[in-house]
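See below for the structure under consideration.
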Amino acid sequence: MDTLFQPYRLNGTLTLANRFMMAPLTRCMAGPGLVPTEQMAAYYGRRADIGLIISEATIIRPDGQGYPNTPGIYSPEQIAGWKQVTEAVHAKGGKIFAQLWHVGRLSHPFFHHAEVLAPSAVAHEGTVPRMRELVYQVPRALTVAEIGQLVEDYAQAAANAIEAGFDGVEIHGANGYLIDQFLHHSSNLRTDQYGQTPENMSRFALEVVDAINARIGSERVGLRLSPGAYVHLAGSPADRAVFDHLLAELNKRALAYLHLGIFDDSLTFDYLDGRASDYLRAHYDGHLVGVGNYSAETASEAIKADRFDLVAIGRPLIANPDYLSKLKAAEPLVPYSEAMLAELV
Ligand code: FNR
Ligand code: 8K6
């Protein structure tokens, strides 16, 4: 277990106090105007001993919203709200990245009174969680000009995050949201330069990465991907070639890290020849963050076996703000339960 508690150098700019990351965890607790609150600052501050905190997913513009009270990072008030959060984490010697989010077709006009936009006009079947009266709609396919604007909006959100004091950003390219919708055949039916081939289907993700790298420097940029589709969209064997291409391109870009998006890393995918984490390890050369139902013990074994380099912990950190000190003192952890989502502790 010792390795987990040792400092870890990501690059010339960032060295983490240990190999633990806090997984991004949507809490739906932002205030009016989707502004982060003092309670959120205290919540993140309590977890500042974790090597790197990834913030809850944070929307880059109003039509990126898919759940109630998720914070944004596009207004001056939101930037000021996030400053309280980053100051609380830095005051305790911690580090924090902002997770940049647009939900694409998983949005609803209820949140912003605008159109729902996505790569293609293919709806996700179902309803917004906790708001069962809101049925997901058929989105309108983005025009090429609108895709260009989205790339610019991601880059501006990254610049805003740096202004708010974040140490960097994690691009949310996972879990069936906008960027991931471009990467899978079931949600991307485009016939232009953003569809049909691995090169084209990877284009939007790489444009976002390149625009953000140019704005804030690749050493401050992480990316989360779900090569194995497991939530919000259906996977297909043809997706494999898209991720093969994307990962080969990412190997040229010196990002801070790549982070798997999954809830349980014991899941296997036929078209990835097994676990998504093992597939990423085989195709990606940089720092890899494992996640998905790991304990410190199982993560330590996985790191020893060279399956990944760092581990992100989600639900146990909701249940235990003092996760790290409990581990060090060999004290038992409080088990997570969904009822805990009602409050920020
Ligand atoms: C999540 N997860 C998640 N992922 C993400 O990329 N952005 C997010 O905002 C959220 N929000 C979120 C909220 C809640 C309540 C849960 C439980 C999960 C997924 C999360 O980052 C992680 O991948 C999983 O929780 C698996 O890790 P654990 O919990 O098994 O350590
Ligand atoms: C990924 C962001 C979703 C945010 C929704 C609001 C929070 C609800 C969290 C419920 C957590 C359920 C965990 C199990 C989900 C399994 C998905 C395959």
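Given the structure is predicted, the values throughout are model-derived calculations rather than measurements. One-based numbering, in listed order, for ligands and for the atoms of each. Starting from 1, each residue takes its place in the sequence as its number.
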Consider every N or O of [X] and every N or O of ligand 1, then say whether any pair is closer than 3.5 Å.
X	answer
Gly314	yes
Arg315	yes
Thr26	yes
Pro24	yes
Arg224	yes
Ile262	yes

* Asked: Would Ser277 and Asp265 count as having a side-chain donor-acceptor pair, cut-off 3.5 Å?
  ->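 Their side chains do contain a donor-acceptor pair, which is all the 3.5 Å distance test asks for.
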* Any side-chain donor near an acceptor of the partner, Tyr44 and Glu56, under 3.5 Å ->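 Indeed, the side chains of Tyr44 and Glu56 share at least one donor-acceptor pair under 3.5 Å.
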Structural part of [X] in contact with ligand 1, heavy atom criterion under 4.0 angstrom:
X	result
Arg27	neither
Val291	side chain
Leu317	neither

* To do: Compare every heavy atom of His259 with every heavy atom of Ala312, then report the nearest pair and how far apart it is.
  =>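 Nearest heavy atoms, Ala312 then His259: CB-NE2, 3.5 Å.
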Should you measure from each heavy atom of [X], which atoms of ligand 1 turn up under 4.0 Å away?
X	answer
Asn293	28 (P), 30 (O)
Ala23	21 (O)
Gln99	5 (C), 6 (O), 7 (N), 8 (C), 9 (O)

* Could you label the plane-to-plane angle of the Phe243 and His184 rings as parallel, tilted or perpendicular, counting under 30° as parallel and over 60° as perpendicular? =>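 Phe243 vs His184 ring planes: tilted.
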* Asked: Can the ring centroids of Phe20 and Phe5 be said to lie less than 6.0 angstrom from one another?
  ->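 Aromatic pair counts; centres sit under 6.0 Å.
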* Determine whether the aromatic ring centres of Tyr294 and Phe308 lie less than 6.0 Å apart. =>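 Tyr294 vs Phe308: aromatic centres under 6.0 Å.
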